[in-house]
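See below for the structure under consideration.
Throughout, protein chains are lettered first and strands after them, A, B, ... in sequence-line order, and every chain is numbered starting at 1. Here the structure is a predicted model, which is why all the values come from computation and not from measurement.
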Amino acid sequence: MTPSSWWLFLRFAQREVSNRFAGSLLGSLWALVHPLALLLIYSFVFTTVLRVRPVAETSVPFLVFLAVALWPWLAFQEAVMRGTGAVVANGALVKKVPFAHEVVVHAAVAASFAVQLGGYVVVIAFMVFTGQPLHLAGLGLVLLCLLGLAALATGLALMLGALQVFVRDIEQGLAPVMGMLFYLCPILYPVAMVPEWMRGWMLLNPVAVLIEACREALIEGRAWPAASEGLALLACVAVLLAGRMVFHRLSPHFEEEL
Amino acid sequence: MTATVHPAGLEPPLISLREVGKVYPVHSSAASRIAALWAKLRGVPHAASEFRALDGISFDVRRGESTALVGVNGAGKSTLLKVIAGVAKASSGTVAIHGRVGALLELGAGFHPEYTGSENIALACALMGLSPARTREHQEAIVAFADIGAHIDQPVKHYSSGMVIRLGFAIATALTPDVLITDEVLSVGDESFQRKCIAWMENYLEQGGTLLLCSHSMYHVQKLCRQAIWIEAGRARLIGDAFEVTRQYLAWHDERTAQSRKLQPGAAAAGGGSIYQVRSMRLNDMHSEEPVLVPEGGTLVVSGSVYSPDDRIPQIAVGVVKLDGTPVAGCYSEMDGFTLHRQEPQLYTYTLTLPCLPLLPGAYVARSHAMDPEGMRMFDHVELRFDVAGVSRETGICKLEHAWS
């Protein structure tokens, strides 16, 4: 991005965040309410109703086990979905004002991550404060994984957002796909519970690899990325580059289709 | 303004278009949509049903050479402005822009209805690439120029269209662009703001600014622009001097609209009407159909009456052109501060005396244009031919006082 696009990006990102809470009484507290509700309902279903025993190696309560993985997922999911809709949502602007169109996608992704990670920080701080055995030494790796997820979300949002201008079905199809992806990632369960023959396949999903890494970093204190995470990060960058390419191919034609 | 100083004449044109075309896809089915998308992803041209909005347009706009686009609705003027402003990409040909372009393409373009005027100023400045610090520098001037009072802190959705255009114009002009592109937006504001805009534009033009505007007001075109381009069905039908292009365009337009009333000079049209119009016109008080003969250095008196539908005092413009249409001179009652005389309800008269006519022998046409009381819009015109007789062997159009030594 050029410096002038950078100011525009900040302005849009700020607008995205403030838009979400404008006019609501609880304001930014809502950013915490939704994930906390999810956390409680999953926890109720899995520990009270289904009585799933956490596998031996996880020494923490299920709530903590779920919390460290849930926020990164929510950030990723929200970023992809909002980023994909960003160009069409800003159609009036695209048709009337010359500017670098990718800015709206970047702003949507950045705002989603900012809001969810704000909640993540609060929740981690709360858990540490209440004496949960989290390893803050792993925060560096968590940050690296989050950067990877942000890159992946940006790449997907650029690609899908550009296609969405031409084929409006993309957004409709995205919700069920994200719903399935949630269950295909080790968020509600550890990778160790997945049958042996499927684990190899799971490694092909960078979201699964990076979310599991976040959990291992915070719960087991692992500070350095493993080879599989390195590959996942490379895949994220590759998707980002591919997304940019598709976006730049299509963005000159947005005005014709919107 | 750009920092580099080019020697006169060497500066590249601010805007340079070569064979510019623009097509819009027309999708008939989902399959054609997918096929078009696939072609764009591969970067190859896609032969599908399409609407050709612009076709083979080439022209230059140099600094100080303000240009107007004229043409009927749907001719492609707005698309052309969009291509130049960088909102739409040309499908073929090249568009080269040197300098900062300020564009005011549509009423409230780029405004978010839920945000206040101030917030929209900030957003618009960011869209123009300004940092927050530079935005603050300009904010005050924009608010002052828009002059919409306390509304500046209310959501734009509650604005009247006049207030929206005030804010839009104030923002588009805040940075004093090298080229200001406007698309028929001046007609929206109220009289005082229109005057403010015109005054701003005249000042801007004096200081070397360049306008690219699209207007249906031939008066604005002639007053503000040097060059005009007549766009017809996506092609440039005529490019040249603003007076010449508007003259030909109007002639074509009159012919095209069969229902347009062709006023005969001297004959008062029957019935009322909703526009200001010239009801009668005479030269040197002659009633003949033959061209009036004026001796070299003689006096020409143009007189006539103007109908005013709302009985407000209309304005009048009188111009002299050569028989081939070359403009010679034009004057406006509004600029000269002349008030027309009320002869009877809704009918106003004027007499313009041109003494010591410095025109060289030849055939000329005098025209009277009816204008609204604000002097903003020109309505119809009536013209009469006159001949200047004489034996002068000087060349050109007019005689200049001169002395040899």
Side-chain angles (χ1 to χ4, degrees), chain A residues 1-16 18-23 89-101 103-104 106-107 158-170 172 242-258, chain B residues 22-27 30 33-43 46 50-51 53 78-79 82-91 97 101-115 119 122-135 168 171-172 181 183:
Chain A
M1 280 194 284
T2 60
S4 57
S5 300
W6 179 247
W7 294 120
L8 187 60
F9 160 76
L10 282 182
R11 174 75 59 187
F12 272 125
Q14 186 197 342
R15 185 175 105 170
E16 282 267 335
S18 60
N19 258 11
R20 211 164 307 172
F21 308 122
N90 287 288
L93 214 51
V94 171
K95 283 184 75 157
K96 303 285 158 57
V97 183
F99 71 105
H101 299 147
V103 168
V104 295
H106 288 304
L158 283 171
M159 194 180 302
L160 298 175
L163 294 175
Q164 159 84 357
V165 175
F166 296 82
V167 187
R168 298 291 164 94
D169 313 53
I170 300 270
Q172 301 293 330
R244 283 177 57 98
M245 202 183 79
V246 169
F247 194 89
H248 287 141
R249 273 277 165 84
L250 295 181
S251 78
H253 302 286
F254 287 170
E255 180 266 340
E256 297 161 14
E257 302 282 343
L258 280 166
Chain B
K22 174 75 184 170
V23 296
Y24 281 94
V26 180
H27 298 303
R33 207 168 252 278
I34 302 280
L37 174 59
W38 181 236
K40 276 167 192 141
L41 277 173
R42 287 183 304 149
H46 176 64
E50 55 191 22
F51 168 68
S78 298
T79 306
K82 275 179 144 188
V83 168
I84 295 168
V87 175
K89 184 179 183 289
S91 310
I97 309 285
V101 172
L104 189 54
L105 287 183
E106 207 170 293
L107 190 60
F111 284 165
H112 193 297
E114 299 291 335
Y115 289 96
E119 286 165 340
L123 178 65
C125 287
L127 280 166
M128 293 191 289
L130 290 191
S131 68
R134 291 205 55 207
T135 298
I171 290 170
I181 299 181
D183 187 358

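Taking CZ of A:R15 as the reference point, atom CD of B:E114 lies at 10.5 Å (rounded to 0.5 Å).
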Practice task
Just do the side-chain contact (heavy atoms from CB on, under 4.5 Å) check on A:V97 and B:F111 with the steps written out, would you?
Solution key: CA-CA 10 Å; A:V97 183; B:F111 284 165; over 6 Å; no

Exercise for the section: Check the pair B:Y24 / A:E255 against side-chain contact (heavy atoms from CB on, under 4.5 Å), numbers first and verdict last. Expected result: CA-CA 9 Å; B:Y24 281 94; A:E255 180 266 340; 2.6 Å; yes

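Most heavy-atom pairs under 4.5 Å with chain B, from the set A:L250, A:V94, A:L163: that is A:L250. The choice from B:K40, B:K89, B:H112, B:E119 that makes the most heavy-atom pairs within less than 4.5 Å of chain A is B:K40. In terms of non-hydrogen atom pairs under 4.5 Å with chain A, the most contact-rich of B:S91, B:A85, B:A122 is B:A122.
Other residues, nucleotides and ligands contribute over 12 non-hydrogen atoms within 6.0 Å of the NZ atom of A:K96.
No part of B:V101 comes within reach of chain A, as not one of its non-hydrogen atoms sits under 4.5 angstrom from that chain. With a 4.5 Å cut-off on non-hydrogen atoms, B:A53 does not touch chain A at all. Contact annotation for A:F254: neither backbone nor side-chain heavy atoms come within less than 4.5 Å of a heavy atom of chain B. Looking at A:F166, the atoms closer than 4.5 Å to chain B (heavy atoms on both sides) sit in the backbone and in the side chain alike. For B:A88, the parts lying under 4.5 angstrom from a heavy atom of chain A are both the backbone and the side chain. Looking at B:L130, the atoms closer than 4.5 Å to chain A (heavy atoms on both sides) all sit in the backbone: N, CA, C or O.
The closest side-chain heavy-atom distance from A:F12 to B:L123 is below 4.5 Å.
Taking 4.0 Å as the cut-off between side-chain N and carboxylate O, A:E256 and B:K22 count as a salt-bridged pair.
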